[in-house]
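Below is one structure, written out as structure tokens; comments come after it.
Note on naming: letters A, B, ... go to the chains in the order of the sequence lines (proteins, then strands), and numbering restarts at 1 for each one.
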Amino acid sequence: MLEEKDYFKEVYRVVREVPPGRVTTYGAIARYLSLRAGARMVGWAMTASHGHGIPAHRVVNSVGVLSGKHFFGGPTVMQQLLEDEGVRVKDDRVVDFKTRLWDPSVELGV
DNA sequence: GTTATGACCAGAG
DNA sequence: CCTCTGGCCATAA
């Protein structure tokens, strides 16, 4: 029946809430959902996010690096998607990462 | 059961 | 900037 695990759906729900032009991090999602599995499981969930309509390009690691760009079918696809939404990317890193960061535990309230 | 791996994180040097 | 270490823990073999 459901291939997806419950925490997968939780992660997807949060990622879907990330507005265009903003990014969030694996750690932030893990913190917000209190996933004991930690940030690694968020990354694992993203791997399975294909076909779920998840804007995975808005999820980067703690320093704003596009660590998952390799999974978008090309080395520039993820960057292209972000820049198309107004997020500047330089050397695989989000420019003005701190101001672009959308932390669910802050934006949605803890 | 054990081992290896990973779209991670934080700290130390 | 770089590498290394320790921690986290689900998944695969």
Please determine if a side-chain N or O atom of A:Ser49 lies less than 4.0 Å away from the OP1 or OP2 oxygen of B:dA7. no
Nearest non-hydrogen partners of A:Val60 and A:Val65, listed with the distance: CB-O, 3.4 Å
Classify the nucleic acid contact of A:Met41 as base, sugar-phosphate or nothing, counting any heavy atom under 4.0 Å across all strands shown. sugar-phosphate
Would you indicate which nucleotide in C:dC9, B:dC9, B:dA7 comes nearest to any side-chain atom of A:Thr25? B:dC9
Separation of A:His70 atom NE2 from B:dG6 atom P, in whole Å? 11 Å
Interatomic distance where CG belongs to A:Asn61 and P belongs to B:dC8 [whole Å]: 6 Å
Over how many whole Å does the gap from A:Ile29 atom CD1 to B:dA7 atom P extend? 15 Å
Under 4.0 Å, heavy atoms only, any strand: does A:Phe72 hit a base, just the sugar-phosphate, or nothing? base
Would you indicate what A:Gly38 reaches in the nucleic acid, counting non-hydrogen atoms under 4.0 angstrom: base, sugar-phosphate, or nothing? nothing
For the backbone of A:Ala28 and the side chain of A:Thr25, can you confirm whether one donor and one acceptor N or O come within less than 3.5 Å of each other? yes
Write down the distance separating the P atoms in C:dG7 and B:dA7, rounded off to the nearest Å. 22 Å
C:dC9 P sits how many Å from A:Arg40 CZ, rounded? 11 Å
Under 3.5 Å, is there a donor-acceptor pair between the side chain of A:Arg100 and the main chain of A:Gly21? yes
Tell me whether the OP1 or OP2 atom of C:dA10 has a side-chain N or O from A:Arg36 closer than 4.0 Å. yes
Taking only side-chain nitrogens and oxygens of A:Ser62, does any of them come within less than 4.0 Å of OP1 or OP2 of B:dC8? no
Measure the CG-CH2 distance between A:Leu108 and A:Trp102 for me, rounded to the nearest 0.5 Å. 4.0 Å
Rounded distance in Å - CZ (A:Phe8) to C1' (C:dA10): 8 Å
How close or far is atom P of B:dC8 from atom OH of A:Tyr32, stated in whole angstroms? 23 Å
Measuring to OP1 and OP2 of B:dC8, would you say a side-chain N or O of A:Ser67 lies under 4.0 angstrom away? yes
Base, sugar-phosphate, or nothing: which does A:Ala56 touch, judged by heavy atoms less than 4.0 Å apart? base
Length of the line joining A:Lys69:NZ and B:dA7:C1', which is rounded to integer Å: 12 Å
For the pair A:Phe72 and A:His57, name the ring-plane relationship: parallel under 30°, tilted 30 to 60°, perpendicular over 60°. perpendicular
Expressed as a whole number of angstroms, how long is the span from A:Leu33:CG to C:dC9:C1'? 16 Å
Reckon A:Tyr26 has a side-chain N or O less than 4.0 Å from the OP1 or OP2 of C:dC8? no
Can you see if the side chain of A:Arg93 gets near the phosphate of C:dC1 - specifically, an N or O under 4.0 Å from OP1 or OP2? yes
